[in-house]
Amino acid sequence: MTHPSATELLVLHAVRLKGHADTAAVAARFDLDTHDTHEYLLDAQAHGWVTRSSFADLAGWSLTTTGRQRNESELRDELAAAGARDAVDAVHEEFLPFNAAASRVFTAAQLGHDGDVRGQLADIADGLRALERRLTAHLTRFTGYHDRFSGALARAVDRPEWITGIEVDSCHRVWFELHEDLIATLDISR
């Protein structure tokens with residue numbers, strides 16, 4: 001049976017996955033209510049788990065060292081409660097060859113060596129669908145990676161920034177978040 005994550009965990013985890021994001025982006029990551037997310041962020045700030053910063057016209061939340069430790073503890077507890085360590089570990093092992101292929105494709109795209117970038121990413125998306133299905137059988141918070149990746153790939157037909165852009169929810173951004181989600185869940189290093 002799949003395990004739903006607590007909202008408090010999802011808020012901190014969204015901040016981790018996004019790196020630096022405003023309240024709306026944090027809430028959107030797991031389709032949470034924006035007002036509730038803002039309240040959780042203020043509570044997390046009071047505990048010293050997140051900090052709010054601004055650069056020019058960009059403002060957002062990021063995890064503190066204590067917040068990262070808190071998130072890792074919550075993820076460990078959730079993984080144990082779901083009894084999903086072996087399943088997530090197996091998916092991570094299968095993810096690694098896809099990750100190597102995706103890294104090559106993203107690098108080629110960034111260097112302007114387009115070749116069959118979209119075709120290669122479509123193959124990766126197909127593999128991602130199966131991996132996500134296995135992950136969400138245990139932890140619902142892994143839902144959506146395939147749809148986001150495929151949606152970005154479809155937009156890339158007319159707008160190449162949807163492959164590696166940082167200002168949009170590009171294929172590269174989605175892939176990076178999935179990788180971070182897996183290693184954070186398993187408490188391993190890159």
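Minimum heavy-atom separation, Val26 to Val15: CG2-CG2, 3.8 Å. Between Phe95 and Leu178, the closest heavy-atom pair is CE1-CD2, 3.8 Å. For Glu161 against Val168, the heavy-atom pair with the smallest separation is O-CG2, 3.6 Å. In terms of heavy atoms, Arg118 sits closest to Ala156 at NH1-O, 3.7 Å.
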Acceptor/donor pairs from residues 75-86 side chains to any protein atom, 3.5 angstrom cut, sequence neighbours excluded:
{"residue": "Arg76", "atom": "NH1", "partner": "Asp187", "partner atom": "OD2", "Å": "3.2"}
{"residue": "Glu78", "atom": "OE1", "partner": "Arg141", "partner atom": "NE", "Å": "2.8"}
{"residue": "Glu78", "atom": "OE1", "partner": "Arg141", "partner atom": "NH2", "Å": "3.2"}
{"residue": "Glu78", "atom": "OE2", "partner": "Ser5", "partner atom": "OG", "Å": "2.3"}
{"residue": "Arg85", "atom": "NH1", "partner": "Leu186", "partner atom": "O", "Å": "3.3"}
{"residue": "Arg85", "atom": "NH2", "partner": "Leu186", "partner atom": "O", "Å": "3.1"}

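At distances below 3.5 Å, at least one donor-acceptor pair connects side-chain atoms of Thr37 with backbone N or O atoms of Asp33. Without hydrogens or angle criteria, Ser73 side chain to Gln69 main chain gives no donor-acceptor distance under 3.5 Å. A donor-acceptor pair is defined here as one N or O able to donate and one able to accept, closer than 3.5 Å; no such pair exists between the side chain of Gln120 and the backbone of Val105. Judged by distance alone, the side chain of Thr34 and the main-chain N or O of Ala27 form no donor-acceptor pair under 3.5 Å.
Expressed to the nearest 0.5 Å, how far CG of Asp126 lies from CG of Leu131 amounts to 11.0 Å. To the nearest 0.5 Å, atoms NE2 (His172) and CZ (Phe149) are separated by 10.0 Å. The line from CG of Leu128 to CZ of Arg133 is 10.5 Å long, rounded to the nearest 0.5 Å. Once rounded to the nearest 0.5 Å, the distance linking CG of Asn71 with CG of Leu10 reads 10.0 Å. For the atom pair CG (Leu63) and CG (Leu17), the distance works out to 9.0 Å, reported to the nearest 0.5 Å.
Placement of Val91 and Ile188 within a single hydrophobic cluster is found when ILVMFWY residues are connected by side-chain heavy-atom separations under 4.5 Å, directly or transitively. Hydrophobic cluster membership differs between Trp175 and Trp162, with clusters built from Ile, Leu, Val, Met, Phe, Trp and Tyr side chains linked at under 4.5 angstrom. Both Tyr40 and Leu32 belong to a single network of hydrophobic side chains, linked directly or stepwise wherever heavy atoms of I, L, V, M, F, W or Y lie under 4.5 Å apart. The hydrophobic cluster containing Phe176 does not contain Phe106, counting ILVMFWY residues as joined when their side-chain heavy atoms lie under 4.5 angstrom apart, directly or transitively.
The list of side chain to side chain donor-acceptor pair (under 3.5 Å) pairs with a residue in residues 41-59, not counting sequence neighbours, reads His20-Ser53.
In summary, Arg70 and Glu8 do not engage in a salt bridge, as defined by a charged side-chain N under 4.0 Å from a carboxylate O.
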Could you walk me through whether Arg16 and Arg29 satisfy the side-chain contact (heavy atoms from CB on, under 4.5 Å) test, starting with their C-alpha distance in whole Å, then the side-chain angles of each, then the deciding distance to 0.1 Å, before giving a yes or no? CA-CA 11 Å; Arg16 178 180 183 152; Arg29 176 59 194 87; over 6 Å; no

Can Thr185 and Leu139 be said to form a side-chain contact (heavy atoms from CB on, under 4.5 Å), step by step? CA-CA 10 Å; Thr185 299; Leu139 297 165; 4.3 Å; yes

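With a 4.5 Å cut-off on side-chain heavy atoms, Thr65 and Arg68 do not count as touching.
The environment of CD in Glu167 is sparse: at most 12 heavy-atom neighbours from other residues, nucleotides or ligands sit within 6.0 Å. Taking a 6.0 Å sphere around CD1 of Ile166, one finds it holds 12 or fewer heavy atoms contributed by other residues, nucleotides or ligands.
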